[in-house]
Amino acid sequence: MRRILVLYYSRTGNTERMAKAVAEGARSAGNAQVELSYFVEADDLGGFDAVLVGTPTYHHDMPIDIKMLFEEAAARNVQLQGKPAGTFGSFGWSGEAPKLVMEIMKNKFQMDVAKAPLLAKYGPDAAALDECRLLGKQVAEILNR
Ligand SMILES: Cc1cc2nc3c(=O)[nH]c(=O)nc-3n(C[C@H](O)[C@H](O)[C@H](O)COP(=O)(O)O)c2cc1C
């Protein structure tokens, strides 16, 4: 069975709510086992067929946990080339982090980033959660191609 990772960081729960909806959407595609987690070992990243990362923006940046994961994955030469990927996250006023993560996934790891980062200002409303479900479903469906 294919495996999809929905990895997220969240301090006050906003990105976590988005992550749960993304995972729900990915599960609805019915083609993969979906793991929702706030921690993964860099070495284990390579075992997933698709990766979605949820990151809030703090101080115009991604949280250190997310940055360290990709640092370590790069140092260990983890191979993610061609794997479907997506990013999302809650923000307050600038919201850079999901774009920064997307650029790393695309440019450093040559992942297949299908969609622009999905952003929600502070707490995601019903429409934002619907978009999260759609993001998860669409990334999962790429695995059917
Ligand atoms: C200390 C601090 C710094 C922040 N810096 C930024 C920032 O640079 N840009 C931004 O868009 N939002 C910023 N925010 C707002 C958070 O991104 C926002 O509260 C978001 O909903 C947090 O998501 P979370 O609940 O998943 O942790 C900051 C919030 C705090 C408390």
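Each ligand, and each atom within it, is numbered from 1 in the order the structure gives.
- Side-chain contact between Asn14 and Phe91: absent, with no pair of heavy atoms (C-beta onward) separated by less than 4.5 Å.
- Aromatic ring pairs are classed by plane angle as parallel below 30°, tilted from 30° to 60° and perpendicular above 60°; the pair Trp93 and Tyr122 is tilted.
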Would you mind writing out a table of all protein N or O atoms found under 3.5 Å from any N or O atom of ligand 1, naming both atoms and giving the distance to 0.1 Å?
residue: ligand 1; atom: 5 (N); partner: His59; partner atom: N; Å: 2.9
residue: ligand 1; atom: 8 (O); partner: His59; partner atom: N; Å: 3.3
residue: ligand 1; atom: 8 (O); partner: His60; partner atom: N; Å: 2.7
residue: ligand 1; atom: 9 (N); partner: Ser94; partner atom: OG; Å: 2.7
residue: ligand 1; atom: 11 (O); partner: Gly92; partner atom: N; Å: 3.1
residue: ligand 1; atom: 11 (O); partner: Trp93; partner atom: N; Å: 2.9
residue: ligand 1; atom: 11 (O); partner: Ser94; partner atom: N; Å: 2.6
residue: ligand 1; atom: 11 (O); partner: Ser94; partner atom: OG; Å: 3.3
residue: ligand 1; atom: 11 (O); partner: Gly95; partner atom: N; Å: 2.9
residue: ligand 1; atom: 12 (N); partner: Thr57; partner atom: O; Å: 3.4
residue: ligand 1; atom: 12 (N); partner: Gly92; partner atom: N; Å: 3.0
residue: ligand 1; atom: 14 (N); partner: Thr57; partner atom: O; Å: 3.3
residue: ligand 1; atom: 17 (O); partner: Thr57; partner atom: O; Å: 2.6
residue: ligand 1; atom: 21 (O); partner: Asn14; partner atom: ND2; Å: 2.9
residue: ligand 1; atom: 21 (O); partner: Ser90; partner atom: OG; Å: 2.6
residue: ligand 1; atom: 25 (O); partner: Thr12; partner atom: N; Å: 3.1
residue: ligand 1; atom: 25 (O); partner: Thr12; partner atom: OG1; Å: 2.4
residue: ligand 1; atom: 25 (O); partner: Gly13; partner atom: N; Å: 3.1
residue: ligand 1; atom: 25 (O); partner: Asn14; partner atom: N; Å: 2.9
residue: ligand 1; atom: 26 (O); partner: Ser10; partner atom: OG; Å: 2.6
residue: ligand 1; atom: 26 (O); partner: Thr15; partner atom: N; Å: 2.8
residue: ligand 1; atom: 26 (O); partner: Thr15; partner atom: OG1; Å: 2.8
residue: ligand 1; atom: 27 (O); partner: Arg11; partner atom: N; Å: 2.7
residue: ligand 1; atom: 27 (O); partner: Thr12; partner atom: N; Å: 3.2
residue: ligand 1; atom: 27 (O); partner: Tyr58; partner atom: OH; Å: 2.6

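- Using cut-offs of 30° and 60° on the angle between ring planes, the pair Tyr38 and Tyr8 is perpendicular.
- Salt bridge annotation for Arg76-Glu72: present, with a cationic side-chain nitrogen under 4.0 angstrom from a carboxylate oxygen.
- A salt bridge links Glu103 and Lys99; the closest N-O separation between the charged side-chain nitrogens and carboxylate oxygens is under 4.0 Å.
- In summary, the side chains of Ser94 and Glu96 do present a donor paired with an acceptor at a separation below 3.5 Å, with no hydrogens or angles considered.
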